[in-house]
Amino acid sequence: MNIFGAKGAFDKLVDKATSHLLLEPDWASIMNICDSVRQDEITAKYALTSVKKKLSNSNPHVVFYSLTVLEALAKNCGSSVHDELFSYDYVDSLKDLTTEKDPVKSKVLELVQIWATAFKNSSKHKAIVDAFHFLKAQ
């Protein structure tokens, strides 16, 4: 499949996994997203950019499911995702979500805490640890 076809199919998967019509996470789509990144069909940067667009959606369900996709990517796709996800730019977009209402705010705080704990000794991923300390101080 050419790169444009792969990106189009990937974007459809992200749309499906973050749909406002979902009543629970669509794990099949989420795992297909992870497989696309792990198999290098899609770069981590493109995947996280695609999901980041969903984080600014006005529907809290879409945002919540986007966070679930991010969690799965972080757990399943390794350092290429970690490097993008824990950049200061991406972490700042996550911090901005803490002004939202629950369950979005709670999910962001949960993920930041988990990731900060997991990467507390990694100077490469300092942004997530800094975000944790910032949010904890508030």
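Note that the coordinates shown come from a computational prediction; the quantities given were computed from them, not determined experimentally.
At distances below 3.5 Å, at least one donor-acceptor pair connects side-chain atoms of Y65 with backbone N or O atoms of E24. The main-chain N or O of Y46 is never found under 3.5 Å from a side-chain atom of S50 such that the two would form a donor-acceptor pair. Checked by atom type and distance alone, the side chain of H61 never pairs as donor or acceptor with a backbone atom of S19 at under 3.5 Å. The closest donor-acceptor contact from the side chain of T99 to the backbone of D96 lies under 3.5 Å.
Note that CG of L55 and CG of L67 are 5.5 Å apart. Values are rounded to the nearest 0.5 Å. Distance check: S58 OG to H20 NE2 gives 10.0 Å after rounding to the nearest 0.5 Å. With rounding to the nearest 0.5 Å, the separation of CG in L97 from CG in D92 is 11.0 Å. Separating the CD atom in Q113 from the CG atom in L135 is a distance of 10.5 Å, to the nearest 0.5 Å. Distance check, rounded to the nearest 0.5 Å: CD1 of I128 to NE2 of H133 gives 11.0 Å. Taken from CG in L85 to OG in S80, the straight-line distance is 10.5 Å, to the nearest 0.5 Å.
At a threshold of 4.0 Å, the pair D35-R38 counts as salt-bridged, since one of the basic side-chain nitrogens sits closer than that to a carboxylate oxygen.
Taking all atoms of both residues into account, the shortest heavy-atom contact from A127 to S87 is CB-C, 3.9 Å. When all heavy atoms are compared, the tightest approach of K53 to S56 is O-OG, 3.0 Å. Across all their heavy atoms, E100 and V104 have their closest contact at CB-CG1, 3.9 Å.
Two residues are said to be in side-chain contact when any heavy atoms from C-beta on lie closer than 4.5 Å; I33 and V69 meet this criterion. Side-chain contact between V81 and L70 is absent, with no heavy atoms from C-beta onward closer than 4.5 Å. For the pair L73/C34, a side-chain contact is recorded, criterion being any heavy-atom separation below 4.5 Å from C-beta on. Looking at heavy atoms from C-beta onward, E84 lies out of side-chain contact with Y90 at the 4.5 angstrom threshold. Within the 4.5 Å cutoff, no side-chain heavy atoms of V112 are placed close to those of V91. The shortest distance between side-chain heavy atoms of K16 and D26 falls below 4.5 Å. Within the 4.5 Å cutoff, no side-chain heavy atoms of T18 are placed close to those of T68. Contact annotation: the side chain of K52 approaches that of S93 to within less than 4.5 Å [non-hydrogen atoms, C-beta and beyond].
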K105 and D102: CA distance, side-chain angles, deciding distance, salt bridge (charged side-chain N to carboxylate O under 4.0 Å, His left out) verdict: CA-CA 5 Å; K105 180 179 180 177; D102 280 329; over 6 Å; no
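Criterion: ILVMFWY side-chain heavy atoms under 4.5 Å apart, direct or through other members. Under it, V62 and V14 are not part of a common hydrophobic cluster. No continuous path of hydrophobic side-chain contacts links W115 to Y88 [ILVMFWY only; heavy atoms under 4.5 Å]. Linking ILVMFWY side-chain heavy atoms closer than 4.5 Å, directly or via other members, places I30 and F10 in a single hydrophobic cluster.
Residues meeting the side-chain hydrogen bond (donor to acceptor under 3.5 Å, both in side chains) test with K124, sequence neighbours left out: D83. The side-chain hydrogen bond (donor to acceptor under 3.5 Å, both in side chains) test applied to D15 returns K54, not counting sequence neighbours.
The aromatic rings of F119 and F86 are tilted relative to each other, their planes meeting at an angle between 30° and 60°.
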